[in-house]
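Shown next, in structure tokens, is the structure this report addresses.
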Amino acid sequence: MLKVYNTLSGKKEAFAPLVPGVVRMYVCGVTVYDECHLGHARSALVFDVVRRYLEHSGFSVTFVKNFTDVDDKIIKRANELGKPWQEITATYIDAYYRDMGRLGIKPATVEPKATEHMAEIVELVRALIQKGMAYQVNGDVYFQVDRYGTYGRLSKRKLDDMQAGARVEVDERKRHPMDFALWKGAKPGEPSWPSPWGLGRPGWHIECSAMAMKHLGETFDLHGGGMDLIFPHHENEIAQSCGATGKEFARYWLHNGFVQINQEKMSKSLGNFFTIREIFEKWEHPEAVTAEVLRYFLLATHYRSPLDFSDLGLDEAKRTLDSFYGLFNRLTEPTGLPTTGDEQLPSLIEELAGSFRQAMDDDFNTSIVIAAFQRFRSEVNRLLESGLSPAACRRARETFRTLGYVVGLFQSDTWQFGVVHGGPASLAGGDASAAGLIVQGPISDVEIERLKSERGEARKRKDFARADEIKKLLAAQGWIAEDRPDGTTRWKR
RNA sequence: GGCGCCGUACCCAAGUGGCUAAGGGAGCAGUCUGCAAAACUGCGAUGCGGCGGUUCGAACCCGCCCGGCGCCUCCA
């Protein structure tokens, strides 16, 4: 039985979709005016895993994730750069797909854009005016918060309290200081669409209500986003949507914690953010390796907890994954031993599967999932010591792959073990130069193969000086030697 | 001022009323190895920021305090 923490109630609740077997979920995507940073990555990843687990659990999932492609910040950015706003949004939508693709985030079922839902947005605003929950001031339309009785239910605030501490500059035309714009009249040169209130554009919040209802219906199951969206964004979405329909909007609200740098929220305004692109560029590993390290790192902490980003944390994630992939390699090699471990494998798999389900059912506790994988890794390593049949090895690898898929881990067939910072040249500064073996650039693959076999020969005739010399030489190229008991060598890089 | 979150070993991180406080990394010792590497084995908190309280029993509940953070303004 899946339980999820619902921000609305502040508790873990049993999850039961409105229509049995079908889950309709909406996650706030990005406003496309800049590159995505790690915080966006975390949110995307968390809900990617939520979606994957729901599907794994047998639900048919309709997942909607929007692009907000009309907004003050986009206009501002366009003006700064002197480019049409459509060019800005197109650029960053592309960047979004590039980054999410690299991270292995599955595309949502529907990825709607605000600009393609003007009719629905206008209709929603019209309905709100009709119900007396919104009012027009010149070309603008505002939502009147005190007409919506349960305003503040999600963020657990009272209108009076907010007023007391509000540092917002109060627009005199508003009836209540917390009233927010549903529609903004266009100034010259701004993007605009026709409406009963004149040319204008939607305010922030309304686009999500319109898109969610269009693609999922007036009431749907799950709505997600970062903690910082609880107020005002999600609070306002609820007010608008429920205000217009008189029905419940989303039933379960899930919010992920922040990515922090030195205990502080990573954010644009603090300037302490890393873009996803930067991380891929900085880490000199194949993209797939960086992606998995990042995913592992982000999933090692429960999604609602704050997570401090650091190189140290990333390094640790890399080390741990090295260990997993080392095992995966060994699982493809014949052990030449009896298969005494085979009979224990099924119960270990069962144990893993049980822990996995239990952990994911408990509000997507990926930390425990990872611990379960680690324990399974140890157990399989142990079985390998006593001998596993090739079939059992394949079964073990498949188990990692199948359950790993749900959290997006262990899918690769290749891996890069050595840390190849800066390529061979900088590696030569380590062991090799100490041994007086300064390498002039990379060695050809043919030469590397020749050296590997030469080392094998040297070891056979017990010429360990030469064998070690070659080991160091190849280490400088990123190759790590693992000698097997039978005299053969496993080379990793 | 209002609302809320966090503080668990050197580091990361589960656990939120009851078996010996998961798991990993690092470290140390050992097995294996020509030496390594990898893997395996063993070792680590009488204690969960502090002080009180509730309870037969608390890291977990309550109160106060200390330290850090978030939202209330665009923010995943």
Side-chain angles (χ1 to χ4, degrees), chain A residues 7 10 27-31 33-34 36-47 71-73 76 152 155-169 178 204 224-233 235 255-260 262-270 273 297 300-302 304-308 310 312-313 315-320 322-323 326-327 329-330 355 359 362 365-378 380-386 417 459 462-465 467-468 471-472 475 480-485 487 489-492:
Chain A
T7 307
V27 171
C28 287
V30 289
T31 299
Y33 72 103
D34 205 348
C36 293
H37 63 227
L38 253 188
H40 299 105
R42 185 178 193 192
S43 184
L45 206 56
V46 161
F47 292 104
D71 174 87
D72 291 355
K73 290 188 298 261
K76 186 168 167 242
S155 55
K156 314 214 171 358
R157 296 152 206 256
K158 294 186 182 74
L159 274 174
D160 296 343
D161 294 342
M162 284 189 279
Q163 250 180 289
R167 297 181 302 233
V168 199
E169 200 178 314
M178 295 307 294
W204 185 42
M227 293 273 192
D228 47 1
L229 295 183
I230 294 173
F231 191 90
H233 187 56
E235 194 69 63
H255 294 95
N256 64 277
F258 297 128
V259 175
Q260 309 185 142
N262 297 324
Q263 327 284 352
E264 279 188 321
K265 178 184 174 185
M266 178 184 286
S267 72
K268 290 278 169 64
S269 34
L270 287 170
F273 61 91
F297 172 72
T301 301
H302 182 84
R304 281 191 283 115
S305 302
L307 185 160
D308 227 56
S310 67
L312 233 60
D315 287 341
E316 186 183 322
K318 174 65 169 63
R319 264 197 301 277
T320 308
D322 282 346
S323 180
L327 170 61
N329 278 171
R330 268 170 270 130
S355 306
D362 186 13
N365 197 328
T366 51
S367 307
I368 290 194
V369 166
I370 282 175
F373 276 125
Q374 285 168 336
R375 204 173 309 125
F376 186 62
R377 178 190 64 187
S378 290
V380 174
N381 268 323
R382 186 180 305 146
L383 295 189
L384 220 39
E385 301 247 308
S386 57
F417 291 89
R459 291 184 68 230
K462 307 229 186 286
D463 180 359
F464 297 121
D468 288 350
K471 182 158 71 177
K472 280 179 180 167
I480 301 156
E482 285 175 16
D483 297 328
R484 300 188 184 90
T489 302
R490 172 189 302 117
W491 290 97
K492 309 193 300 196

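Convention: sequence-line order gives letters A, B, ...; per-chain numbering from 1.
- The side chain of A:Phe231 lies closest to B:C71, out of B:A39, B:G24, B:C71.
- Side-chain N/O atoms of A:Lys156 include none lying less than 4.0 angstrom from OP1 or OP2 on B:C71.
- B:C28: Watson-Crick or G-U partner is B:G42, with both key distances under 3.5 Å.
- Counting only heavy atoms from C-beta on, A:Met178 has its side chain closest to B:U73 among B:G68, B:U73, B:A14.
- Contact of A:Lys471 with B:C35 (side chain to base): a donor-acceptor pair of N or O atoms is detected under 3.5 Å.
- In this structure, the nucleotide among B:A76, B:C40, B:G15 sitting nearest to the side chain of A:Lys265 is B:A76.
- For A:Glu482, the listed nucleotide lying nearest its side chain is B:A37; candidates were B:A37, B:A76, B:G23.
- Side-chain atoms of A:Asp160 stay outside donor-acceptor range of the base of B:G2, with no qualifying N/O pair under 3.5 Å.
- Residue A:Asn262 contributes atom CG, which lies 20 Å from atom P of B:C6 at whole-angstrom precision.
- Contact check for A:Asn381 versus A:Arg330: side-chain heavy atoms found under the 4.5 Å cut-off.
- Nucleic acid contact class of A:Arg42 (heavy atoms, under 4.0 Å, all strands): none.
- A:His302 comes within 4.0 angstrom of sugar-phosphate atoms only, judged by non-hydrogen atoms across all strands, and of no base.
- Going from atom CG of A:Leu159 over to atom P of B:G1 covers 21 Å, rounded to whole Å.
- Within a 6.0 Å radius of NZ in A:Lys268, more than 12 heavy atoms belonging to other residues, nucleotides or ligands are found.
- Counting atom types as modelled, A:Arg459 pairs a side-chain N or O with a base atom of B:G34 as donor and acceptor under 3.5 Å.
- Pair check for B:U54 finds none; no Watson-Crick or G-U wobble contact set falls under 3.5 Å.
- A donor N or O paired with an acceptor N or O is not found under 3.5 Å between the base of B:G70 and the side-chain atoms of A:Glu264.
- Look at CD on A:Glu385: it is 13 Å from C1' on B:U33, rounded to the nearest Å.
- Residue A:Arg319 has a polar side-chain atom (N or O) positioned under 4.0 Å from OP1 or OP2 of B:A26.
- Using a 4.5 Å heavy-atom cutoff, the side chains of A:Arg42 and A:Thr301 are in contact.
- Comparing B:C62 with B:C5, their P atoms are spaced 10 Å from each other, to the whole Å.
- Rounded to whole Å, the C1' atom of B:A13 lies 11 Å from the corresponding atom of B:G25.
- Residue A:Gly226 is classed as a sugar-phosphate contact, given heavy-atom separations below 4.0 Å to backbone atoms only.
- Here the shortest heavy-atom pairing between A:Lys265 and A:Asp228 reads NZ-OD2, 3.3 Å.
- Contact check, A:Arg377 against B:G23: no side-chain N or O comes under 4.0 Å of OP1 or OP2.
- Scanning both residues, A:Ala300 and A:Ser367, for their nearest heavy atoms gives O-OG, 2.9 Å.
- Closest to the side chain of A:Leu270, out of B:C71, B:G70, B:G23, is B:G70.
- Across all strands shown, B:G47 forms no Watson-Crick or G-U wobble pair with both distances under 3.5 Å.
- One C1' atom belongs to B:C60, the other to B:C48, and the distance between them is 10 Å to the nearest Å.
- The base of B:C35 lies close enough to the side chain of A:Asp483 for a donor and an acceptor atom to sit less than 3.5 Å apart.
- With both pairing distances under 3.5 Å, B:G70 is matched to B:C3 as a Watson-Crick or G-U wobble pair.
- Dashed line: the shortest gap from a side-chain N or O of A:Ser305 to OP1 or OP2 of B:C5 is not under 4.0 Å.
- Nucleotides B:A58 and B:G52, compared at atom P, are 14 Å apart to the nearest Å.
- Closest heavy-atom contact between A:Phe417 and A:Lys318: O-NZ, 2.9 Å.
- Figure legend. B:A59 is base-paired to no nucleotide; pairs are counted as Watson-Crick or G-U wobble with both atom distances under 3.5 Å.
- Distances shorter than 4.0 Å separate some side-chain N or O of A:Ser367 from OP1 or OP2 on B:A14.
- B:A9 sits 27 Å from B:C71 when the P atoms are compared, rounded to a whole Å.
- An OP1 or OP2 oxygen of B:A13 is reached within less than 4.0 angstrom by a side-chain nitrogen or oxygen of A:Thr301.
- The nucleotide B:U16 finds no pairing partner, because no Watson-Crick or G-U wobble arrangement with both distances shorter than 3.5 Å includes it.
- Proximity note for A:Asp468 (side chain, C-beta onward) versus B:G23, B:G70, B:C35: the nearest is B:C35.
- Nucleotides B:C51 and B:C66 place their C1' atoms 10 Å apart, quoted to the nearest Å.
- Remark: A:Arg459 engages A:Asp483 in a salt bridge, criterion side-chain N to carboxylate O under 4.0 Å.
- In this structure, the CD atom of A:Glu316 is 9 Å from the C1' atom of B:A13, given to the nearest Å.
- Nucleotide B:G34: unpaired (no Watson-Crick or G-U wobble partner with both distances less than 3.5 Å).
- The side chain of A:Arg330 lies closest to B:A39 when the candidates are B:G68, B:C40, B:A39.
- Looking at A:Leu327 and A:Leu384, their side chains come closer than 4.5 Å, going by heavy atoms from C-beta outward.
- When all heavy atoms of A:Gln263 and A:Asp308 are compared, the pair lying nearest together is N-OD1, 2.9 Å.
- Across B:G2 and B:C11, the matching C1' atoms stand 37 Å from one another, rounded to whole Å.
- The P atoms of B:U16 and B:C61 are separated by 10 Å, rounded to the nearest whole Å.
- The CE atom of A:Met227 sits 7 Å away from the C1' atom of B:C5 (whole-angstrom rounding).
- Nearest to the side-chain atoms of A:Ala467 among the listed nucleotides B:C71, B:C40, B:G34 stands B:G34.
- Applying the 4.0 Å criterion to OP1 and OP2 of B:A76, one finds that A:Asn256 has every side-chain N and O outside that range.
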